[in-house]
Each structure stands twice: as structure tokens, then as C-alpha cells.
Trainee: 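Please find one structure pasted underneath; my questions will follow.
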There are 4 protein chains.
Amino acid sequence: MKKYDIIETATRLFATQGFDGTTTLQIAREAKVTEPLIYYHFEGKDDLFNHIIRNGFEAYFTRLESLNQKTTTQFEKIEKLFTLHFDFIKERPDEIYLVVSACPAKLKDAKHVCTQKLDKQRKWIASYLRKCIKEGIASGEFKKMPVSETVTMLLAFISGIIRQRTLKLESRRGMKKAVVEFCRRSMVR
Amino acid sequence: MKKYDIIETATRLFATQGFDGTTTLQIAREAKVTEPLIYYHFEGKDDLFNHIIRNGFEAYFTRLESLNQKTTTQFEKIEKLFTLHFDFIKERPDEIYLVVSACPAKLKDAKHVCTQKLDKQRKWIASYLRKCIKEGIASGEFKKMPVSETVTMLLAFISGIIRQRTLKLESRRGMKKAVVEFCRRSMVR
Amino acid sequence: MKKYDIIETATRLFATQGFDGTTTLQIAREAKVTEPLIYYHFEGKDDLFNHIIRNGFEAYFTRLESLNQKTTTQFEKIEKLFTLHFDFIKERPDEIYLVVSACPAKLKDAKHVCTQKLDKQRKWIASYLRKCIKEGIASGEFKKMPVSETVTMLLAFISGIIRQRTLKLESRRGMKKAVVEFCRRSMVR
Amino acid sequence: MKKYDIIETATRLFATQGFDGTTTLQIAREAKVTEPLIYYHFEGKDDLFNHIIRNGFEAYFTRLESLNQKTTTQFEKIEKLFTLHFDFIKERPDEIYLVVSACPAKLKDAKHVCTQKLDKQRKWIASYLRKCIKEGIASGEFKKMPVSETVTMLLAFISGIIRQRTLKLESRRGMKKAVVEFCRRSMVR
DNA sequence: GATGAATGAGTGTTCATTCAT
DNA sequence: TATGAATGAACACTCATTCAT
């Protein structure tokens, strides 16, 4: 359906050019539809953008939820979190970029869907990591380390990796293993 | 001089709203000058942006160069790299954000000053880190680890930290120490 | 259609005020449309101007082509050329003015549609006149005269007449007859 | 003096690009002065333009006045009028172009110096030619012809020649002779 | 005479959006 | 669903002009 052509094209363009750098005409042309059709399916450019963000976060959260499965060690849980992001980057590079790195301009508005979803995501991951680290330390699996700071740091780490990969600033293979091993050495006793 | 008001205002606005999300009228108003004055001092919006980017990178590179001083251990050199970035974030948050995270849209043009400077920066840091890690491993200071992948990873790490701090996604104190200790545990034997 | 209102208005304004002296806003207002509509139908002010020039020349060339009909004498052919121009001036004064007298500024660019069409027009008429004069001299209809110089001179004559009439510098009746008789006395044996 | 550099440059630019197509900045740059200097010497762009027009017409009228010398025949007087224009074209091509072909846009204002001077020029030449032709016919030197129409026609002729020569649409030598002979054959008995 | 800095009023152009069909 | 035609508001940028020095 043409609606999905619009979404697909818009996602790609928003991710590569930013929200303000993308025009509705460009979306229409590249999706091979006319501009008014965008307004038939969406209330406007903002609505289209928010729809994409919401969609992206939904897929993303679905995957996040699936992390809460049994694993033998805490580090395996952290490793899975990295794996999830590396996989998502490969499969839906534009979406993850928008989801994690979305329009700085939008983040000025605390009530914007971007800000709220990003906040939710950060809180979710933070809580996930905090639990892992705390339990890891308690069980003696992990070395001693400041919990909150390590959590924040790992969040920055993840977002930096996503940015780099989606901007194709590097394409080194073996990155995932390097990242995981780096963390393992640092964390696991 | 009013020229510097323009630069200062533009730097702030470009960093918080992006290039496309910032209008010349807005820059003029917030800098308390008239729009044509921007065009008196710069050739256009692009020129103003590039001027800021070039300025930012110049200050940044000057600091980077100063890293090549004697230090007793390789890890100290890496620690200094982190310190430099944390300091720069504090002093000139907008500039470092623009310098490290600049306009994704601009990076599509390989010849753009953004792309070229960013490339130079990444190469400089990569080379700096590679040398540290190689020598650290050779001297037995560091554990064994894949050099290139670790370098790329650390680059992502730095960019992630900058993004997070300038977007004020967190403001935890003790971050720097946590980051350095995290890396130390992972790397130093 | 409003597109034709734009063309009509623009033709009139370009002819009376010149290209640079006419603003798109003025065209829009006098055509009773909004400015962006000009940009919906044309790529820009230049495109609109070129469209008019091309249209004008097309109508003009169509008439020129129709000159190649049988006539008993060579002078009749020359007379017809004058008649054609006097008629065109009456019917489409703005267009002929733009076509023959178009924007001196545009003529600096050899590749501009104005320059090329004007060149084509001059060559067409020159060739037409050269043939007439040569044959007229050969057949004894015409007095002896330098062919090329006379051709150039007649071209200047035509362009001068057009300029004068469209600028309404005079409105004397009987001009056409006077011109034709002037030439006849000079040329015909 | 720099004032004359301004005048010279402005004359050239107005003649080749038109009044509206020429900016004060361009004049300043090409005359190697700064913009405010133009405003020191002239009241504004319009004043500069009018100054040039007035200057041009003054030089032109001075020459026209000198035509009233004794000549044996009426046709010689007409020949001298052509010679004067051909000479002026060679010596001061920009000025004569501005003087004879000046800004159509300006001619909409009947009180503008352009309109008034042009009118004066046309009336002067018309009166000069009318007298010549009348006397020529009366004395039997000229063939019979309608006086007013021939006068208007010759005016158009002159303006067409000037336009052609200054736009360099042709560069044929022998033009002057051809023109004069063309007229002689037509007029002289 | 001469200039660097500055501006009010506009210029061509683009944008997201709407309307009639 | 889908579109050709149209628009209000804004955009980057330029212009002739002025002012302080």
C-alpha cells in the first residue's frame, strides 16, 4: 500500500536528513505519491514523524521486553542487551537511529512523543542494567563498581555505538565481540 | 563586536535546534542584530555554519595536540583523552556537540568541511588510541585485546558520552571516574 | 486558466519594465494570483521569462516561415517582410518587443535562449533578404548595391521600427507605406 | 579622480546590464571604490543615472548643434547626421546607447529626465530632417515623398543602427556608406 | 574625501498545508 | 483513495542607503 511507501520513505529521509531537512514534497516524490496523499493518511508532517517514532519504539520495546527471559548469569543478560541493539541496527538501521538519536530539536519539548519515549527507553534500560549489576555484584559475579554511574555510562556506550554504525562511520566486523569482551573484562570477576 | 554575538548565538542555536531548524532571523533576533548583518559578516547561513565548525575544530584540535606529552603509563594517556573531552564538554558544550555530533545531513557530502574535519578527528584519535593500546599490550601494561575493534569502540564511547552530556540526558557527578575506572578494569592488567 | 493570466501579465510587464524591473510579486498581483502559483507553474522567474521568449519566437517564426510563398517580384517579398512585422506589432506588441529587443543583459550569455533565438531570427531574415536582393539584382529588378551591407542595414531598420512603435514614440499612420516606398525608390530600378 | 571612475564604470554597467540589473555594490567594486563614496558624490543611484544621462545628452546635443553649418546640398546635411551618429557610436558607445535606447522602464514617467531629453532629441532631429527634406523637395534636389512619415522613419532607422552597433550584433565595415547610399538612391533625384 | 559597520524594505523562492474534484 | 491547483507564512538573501568615524 502507498501508505507504507510513505512511511518507509519518510523513515529513511528523516533518519538521513533530519526532520527539518526533509520536505513533504521530497517524501512524496521518493515514495512515488502526491503530496496530498500524505495528508490523507496523516494529519501532517509532524504526525507522520510521530507515527514513525511511535512505530519504531513499539518494535524496539517489544524486543526489549523479550529480554526478560531466564539466563544463567547477569553478564549474559547484559550481553543480550548489546546483541539486541546490534541486531536491530542491522535490520532496521533508520528506525533505531531515529529512536535513539532522534531530532535534538524535538527533545526541547518535554511533552513530545520523542522525549517521552526516549525517556521511557532510557529508564527501562537503566532499570534493567541496574538490576543486573546489583545482582551481579551481590552474587559475586561482578567486581565492585558504582551502580548508577556504570548504568549511565553503558547507556552512553550503546547510543554511541548506534550513532556510529548507522552513520556508517565504521563497519568493522567483530565489533560486537570486542564490545562484549571489553565489558566482560571490566565487569566480571 | 556584533560579529561575535552572531557567532555565539548561532553556535548555541545550531547545537540545540540543528542547522535546518535554525533560521537566520532567529539568529539575528537572539543576537540582537538585524538579519542583513549576518550577510555582511558571512557569505550566508552555510558560511556561518562552516565558520563555527572550523573554529570549533580548531580549538578542539589544539587541545588534542597538547595530549602528546610525556606520561608514565599508556593508560594515563587514555585517561587524559577522556579528561580532555569531559573538560571540553563543560567549557564549550555547544561547540563540542557540533564538532562531534554535527549535522548528519551535512555528512552526506564527502567534501563538506564537517565530513572532512570529523574524519580528521576520528583518524587522529584512532591513531592516538591505537598507539597507546599497542604499546600497552607490548609492554605488558594492558591485557590482550583486538586493537582496531577496541579503538573503534572507544571512539563510539566518547561520542556517546558527549551526546548524552550535551543533551543533558543525565548530569550525574562521578561519571568521569566511573568511565575511567570501567576502562581501567577492562584494559589494565 | 490562471497559468495564462500569469503569462499574459508577465509578458506585458517584462516588455514595459524589463526583466529586472519586474518583480514576481507584481506579476502575481496584477495577474490576481498569489506568488507561489508562479512557482507551481514555472521553475522560477527566469523560467517564466524564457517560456515567454520561446513562445513569442515560436509564433514569430511560424509567421516568418509563411513568407516563402510565391510572389511575382523580389520587392514584393521584401514588402511582405515589412508587412509581417507591422502586423505583428499591432497584434502582439509586447511579444515582438521582447522578441526583437529582448533584455540586453541576457544577451551577454551566448547560450541563453534569448541570444540563440535572436541569432536564429537574424540569420533567417538575413538569408531571406540576401536571396531577394541577389536575385533582384541578377534579374535587373533591383539597382546595383552591396548585398551584405544592405541586408544588415535593413535588419537595423526593422528593429528600429519595432522599438519605436512598441514604445509608442510615434503613432503616425501611413508609416508602413512610407517605409515601403522609401525602400522601393532606393532599390527598384 | 574617483568620481570619474564611478561615472565611467556606472555608464558601462548601465549600458550593458540596464539600470535595474546593475547594483551600487557592483559599480563600487568595479570602480574600485567603496559604496558610500557613491553617496558622497551623488544623491543616490537614480541621481548617478540621471547625471550620466544628462552628461551624455549634453555631449550629444553639442554635436547636434554643430550640424547647422553651411553645406551645399540638403542630402549632405542628412549624410552628416548619419556620420555624426556613426562617429559617436565609435567614440562613446555606452553613452549613445543609454541616450538613444535608455531604460524603457524610465520612459513610463513623462517627467523623467530620460523621457524629456529623449523627447527633445527626437524633436530636434525631426525638425532638422523635416527642414532638410522640405527644402530638398522644394529645390528639386529630392524626389517627392511624405515629409513627416519619412522623418519618423529615418529616426527609427538611426535608433535601429545604434542598437545594432552597440550590441555588436554586426560589425560589418562599409555600413555607413551602404546606409548613406541607400538613402541617397531613395531620396535624391 | 573616504570607509567599515549597520539597516529597513524588499526579492525570489520554498514550505506545509488545503481545497475542489 | 488519489490528485492538480492553489495559498499563507516563512525563508535565505540582496538592495539602496545611512551613520559614525
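Throughout, a chain's letter reflects where its sequence line sits, starting with A, and its residues are numbered from 1.
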Trainee: Which class fits the ring pair C/Phe57 and C/Phe61: parallel under 30°, tilted 30 to 60°, perpendicular over 60°?
Mentor: parallel
Trainee: Let me know the distance between CD of B/Gln26 and C1' of F/dA12, rounded to the nearest Å.
Mentor: 14 Å
Trainee: Please give, in whole Å, the distance from E/dA2 C1' to D/Phe42 CZ?
Mentor: 15 Å
Trainee: Using Watson-Crick or G-U wobble geometry with both distances below 3.5 Å, tell me the partner of E/dA20, or none.
Mentor: F/dT3
Trainee: Please report the distance, rounded to the nearest Å, between CG in A/Leu25 and P in E/dT18.
Mentor: 16 Å
Trainee: Let me know which of B/Ile27, B/Thr22, B/Thr23 forms a side chain to side chain contact (heavy atoms under 4.5 Å, CB included) with B/Leu25.
Mentor: B/Thr23
Trainee: Between E/dT13 and C/Tyr39, is there an OP1 or OP2 to side-chain N/O distance shorter than 4.0 Å?
Mentor: yes
Trainee: How long is the line joining CZ of B/Phe49 and C1' of F/dA12, in whole Å?
Mentor: 16 Å
Trainee: Pick out the pairs of N or O atoms, protein on one side and nucleotides 5-7 of chain E on the other, that lie under 3.5 Å.
Mentor:
| from | atom 1 | to | atom 2 | distance (Å) |
| --- | --- | --- | --- | --- |
| E/dA5 | OP2 | B/Tyr40 | OH | 3.1 |
| E/dA5 | N7 | B/Tyr40 | OH | 3.4 |
| E/dA6 | OP2 | B/His41 | NE2 | 3.0 |
| E/dT7 | OP2 | B/Thr34 | N | 3.3 |
| E/dT7 | OP2 | B/Thr34 | OG1 | 2.8 |
| E/dT7 | O5' | B/Thr34 | OG1 | 3.3 |

Trainee: When we call it a touch if two heavy atoms are under 4.0 Å apart, what does D/Thr24 touch: a base, just sugar-phosphate, or nothing?
Mentor: base
Trainee: Would you mind telling me which residue lines up with the more 5' stretch of DNA chain F, B/Asp46 or D/Gly44, judged by nearest nucleotide?
Mentor: B/Asp46
Trainee: Before you tell me yes or no, could you show the steps for B/Leu98 and B/Phe49 under side chain to side chain contact (heavy atoms under 4.5 Å, CB included), namely the whole-Å CA-CA distance, both residues' side-chain angles and the distance that decides it to 0.1 Å?
Mentor: CA-CA 10 Å; B/Leu98 278 176; B/Phe49 181 76; 4.1 Å; yes
Trainee: Does the Lys NZ or Arg CZ of B/Lys3 fall within the cation-pi geometry relative to B/Tyr40 - under 6.0 Å from the ring centre and within 45° of the axis?
Mentor: no
Trainee: Tell me the interatomic distance from A/Asp20, atom CG, to E/dA16, atom C1', rounded to whole angstroms.
Mentor: 12 Å
Trainee: Roughly how far apart, to the nearest Å, are E/dG1 and F/dT21 at atom P?
Mentor: 23 Å
Trainee: Can you figure out which of F/dA12, E/dG12, F/dA16 approaches the side chain of D/Lys45 most closely?
Mentor: F/dA16
Trainee: Please report, rounded to the nearest Å, how far the C1' atom of F/dT3 is from the CZ atom of A/Arg29.
Mentor: 15 Å
Trainee: To the nearest Å, give me how far apart CG (D/Asp47) and P (F/dT18) are.
Mentor: 12 Å
Trainee: Side chain to side chain donor-acceptor pair (under 3.5 Å) between A/Glu30 and A/Thr9: does it pass, once the steps are laid out?
Mentor: CA-CA 7 Å; A/Glu30 300 208 9; A/Thr9 306; over 6 Å; no
Trainee: For the residue pair B/Leu48 and B/Lys45, establish whether any side-chain heavy-atom pair is separated by less than 4.5 Å.
Mentor: no
Trainee: CG of D/Asp20 to CZ of C/Phe19: how many Å apart, nearest 0.5 Å?
Mentor: 11.5 Å
